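Remember, predicted model here, so these are calculated numbers, not experimental data.
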Amino acid sequence: MQGRLWVPAALLAVAGSCSAQEAWRGVWEGTLGQQAVRVCLDGKEGIESRYYYLKYGLDIPLRKSEAPVGNWLEGDDDKHPGGSWQLANDGNDALRGAWQHPRSGKQLPVVLKRTAATAGEDSNLCEATQFFKPVVDAIKLVPGPVQGSGRHKYQALSPGFQKRGAPNGSEPSGIMVLGLGAGSEALNKILRQRLRERMARGRDTRLGGLADSGEEVTWLSERWLTLREMEWPRGYGISSISVWYETWDLSTATKVDLMRWFNARGGTWHEENGNDGMEQVFKPSRALAKAIGPGDDNGGDPECKAQEKSWGRPRLAEGGIEFEQGNGPCQNFATLSYKAMQPFLNEEGRRQVAALQRETARP
């Protein structure tokens, strides 16, 4: 005979109470049986609750249930849940209850305490970078072989796992610049933080979590670093992959928009709606586009002719700045030489390009 699920009297007294459910809302830490767990409970419509064992770090969905067997059910299958939870308030910022196996009826005690910084009315309490932070911060980042030449060297960083520690899917990787002063050390700290955030997002099994990501060096000199970044959200097709380039000033650990080096003759700035709201976008002038070079319609492909032909995604390259236009088979690349870009540079641009040329001229 299946065991009867333990239901505290306090829970029966407040069942169905909106205020009681709001009291459960939050991120909690505690134990399920003898195992340490981290739990996010959110009663908002369309927001999925979840938990994971700190030992494994794998995302397990929790869905609110109106059925008498429990307040939350594990997994995505309504007919065959992985377990059921019944919880009640147990004093300030505390929950106590039981987990029950769906077939055997075996019960394990659940004891939870709300974490201090997450009791507010955030729009999404289960946001991955914070929810998975403890398990991700405990993972050691392992450097790969030294790459580069001369003093301009770097290593790839990847998460190191025990046998059962890695989630399903691809794990993100990052880079670490070697021996280029205090600025590069400050930048390494920024890049490590981003890598850990991607590791946390990679544990998010929901739609929009991070299915894949990557970071690679395309340029490294005494002062400058250019990275190619890629992110692929979980549950979306290949067309949803985002690719962009970042150029960093190693002397200050600041990100630099190379388009800010160009004057009004080179193009104009305007606002566009981006992923993070309105953002400033540079549109190259016809004169600058001509100096960069003509595009290729992939042998007259009609789809290529219909694509936007504006040059963008600038990055440092051998002998100048490389630009890109189009997508897929219609993608084009062209490098604007230091000499050809001179008429289009503002004062800051001329200063930085002159420094670049001196840097690349060194043996």
Side-chain angles (χ1 to χ4, degrees), residues 129 133 136-137 139-160 172-201 213-231 242-263 269 276 279-280 282 312-324 335-338 341-342 345-363:
T129 56
K133 191 175 189 301
V136 164
D137 285 350
I139 296 172
K140 182 180 179 181
L141 297 178
V142 179
V146 175
Q147 302 179 59
S149 60
R151 293 188 64 241
H152 310 143
K153 295 179 180 179
Y154 65 95
Q155 290 174 287
L157 287 177
S158 57
S173 61
I175 72 103
M176 175 175 65
V177 177
L178 301 177
L180 290 177
S184 63
E185 288 304 311
L187 176 57
N188 285 338
K189 184 177 180 180
I190 294 171
L191 297 180
R192 281 194 298 269
Q193 179 181 344
R194 176 163 64 186
L195 174 56
R196 291 196 182 276
E197 289 175 354
R198 285 176 171 171
M199 290 163 60
R201 291 166 58 202
S213 66
E215 182 172 80
E216 62 179 294
V217 175
T218 63
W219 176 271
L220 178 60
S221 64
E222 197 76 14
R223 183 180 168 189
W224 301 99
L225 169 70
T226 297
L227 298 171
R228 181 185 184 272
E229 303 289 340
M230 182 277 289
E231 291 187 353
S242 296
V243 176
W244 69 96
Y245 291 84
E246 295 178 353
T247 296
W248 292 83
D249 184 339
L250 294 176
S251 67
T252 59
T254 54
K255 191 160 47 176
V256 176
D257 186 347
L258 298 179
M259 290 301 201
R260 293 290 177 185
W261 291 359
F262 291 89
N263 57 27
W269 290 91
D276 300 317
E279 56 186 34
Q280 291 281 316
F282 184 81
R313 292 181 179 173
R315 59 266 195 177
L316 298 179
E318 193 69 37
I321 295 177
E322 185 178 46
F323 292 84
E324 183 178 321
T335 299
L336 182 65
S337 70
Y338 293 132
M341 70 178 71
Q342 291 299 320
L345 295 175
N346 55 32
E347 184 178 347
E348 172 70 8
R350 287 193 296 272
R351 183 166 59 250
Q352 300 297 0
V353 166
L356 260 172
Q357 288 178 286
R358 289 194 298 271
E359 196 175 71
T360 55
R362 293 173 186 168

- Message: How long is the straight-line distance from CG of L258 back to CZ of F282, given to the nearest 0.5 Å?
- Response: 11.5 Å
- Checking R350 side chain against L345 main chain: does a donor-acceptor pair fall under 3.5 Å? yes
- Query: Below 4.5 Å, heavy atoms only, C-beta onward: do E324 and V243 meet side chain to side chain?
  - Reply: no
- E318 and T335: which non-hydrogen atoms are nearest, and at how many Å? O-CG2, 4.2 Å
- Given the rule in the side-chain contact (heavy atoms from CB on, under 4.5 Å) test, do R315 and R228 qualify, once you have shown the distances and angles that lead to the verdict? CA-CA 9 Å; R315 59 266 195 177; R228 181 185 184 272; over 6 Å; no
- Query: Do V177 and V217 come within less than 4.5 Å of each other through their side chains, counting heavy atoms only?
  - Reply: no
- Item | Donor on one side chain, acceptor on other, Q352 and R223, under 3.5 Å | yes
- So, for G312 and M259, which heavy atoms are closest and what is the spacing to 0.1 Å? CA-CE, 4.3 Å
- Results of ring-ring contact (aromatic ring centres under 6.0 Å, His included) for Y154 - residues two or more places apart only: none
- Listed partners of W244 passing ring-ring contact (aromatic ring centres under 6.0 Å, His included), at least two apart: none
- Note on the structure: With sequence neighbours left out, the residues meeting salt bridge (Lys or Arg N to Asp or Glu O under 4.0 Å) with D257 are none
- Item | Rounded distance [0.5 Å steps], CD in E322 versus OH in Y245 | 6.5 Å
- Note on the structure: Those residues at least two apart in sequence (or on a different chain) that pass salt bridge (Lys or Arg N to Asp or Glu O under 4.0 Å) with R194 are E215, E229, E246
- Taking C-beta and beyond as the side chain, do M230 and E216 meet within less than 4.5 Å on heavy atoms? no
- Output all residues satisfying salt bridge (Lys or Arg N to Asp or Glu O under 4.0 Å) with K133, sequence neighbours left out; order by chain, then residue number. D137
- Residues F262 and L336: closest non-hydrogen pair is CE2-CD2, 4.1 Å
- Point-to-point distance, once rounded to the nearest 0.5 Å, from CE of M199 to OG of S213: 10.5 Å
- Note on the structure: W219 meets the ring-ring contact (aromatic ring centres under 6.0 Å, His included) criterion, sequence neighbours left out, with none
- Which atoms form the tightest heavy-atom contact between W248 and A253, and what is the distance? CZ3-O, 3.7 Å
- Note on the structure: Between T218 and L227 the two heavy atoms that sit nearest each other are OG1-N, 4.4 Å
- Note on the structure: In short, R196 meets V136 closest at the heavy-atom pair NH1-O, 2.7 Å
- Does Q155 use its side chain to pair, donor to acceptor, with the backbone of G144 at less than 3.5 Å? yes
- Separation between CZ (R151) and OG (S221), nearest 0.5 Å, reads 11.0 Å
- Item | Separation between CE of M341 and CD1 of I321, rounded to the nearest 0.5 Å | 4.0 Å
- Using modelled atom types only, decide if a donor and an acceptor are shared between the side chain of N188 and the backbone of M176 within a distance under 3.5 Å. no
- Query: Is there a side-chain contact between R260 and Q280 (heavy atoms, below 4.5 Å)?
  - Reply: yes
- Rounding to 0.5 Å, atoms OG1 (T226) and CG (L316) come to a distance of 4.0 Å
- Task: Look only at the side chain of Q193 and the backbone of K189, and say whether a donor-acceptor pair between them is shorter than 3.5 Å.
- Result: no
- Message: Is the shortest side-chain heavy-atom distance between L225 and I175 below 4.5 Å?
- Response: yes
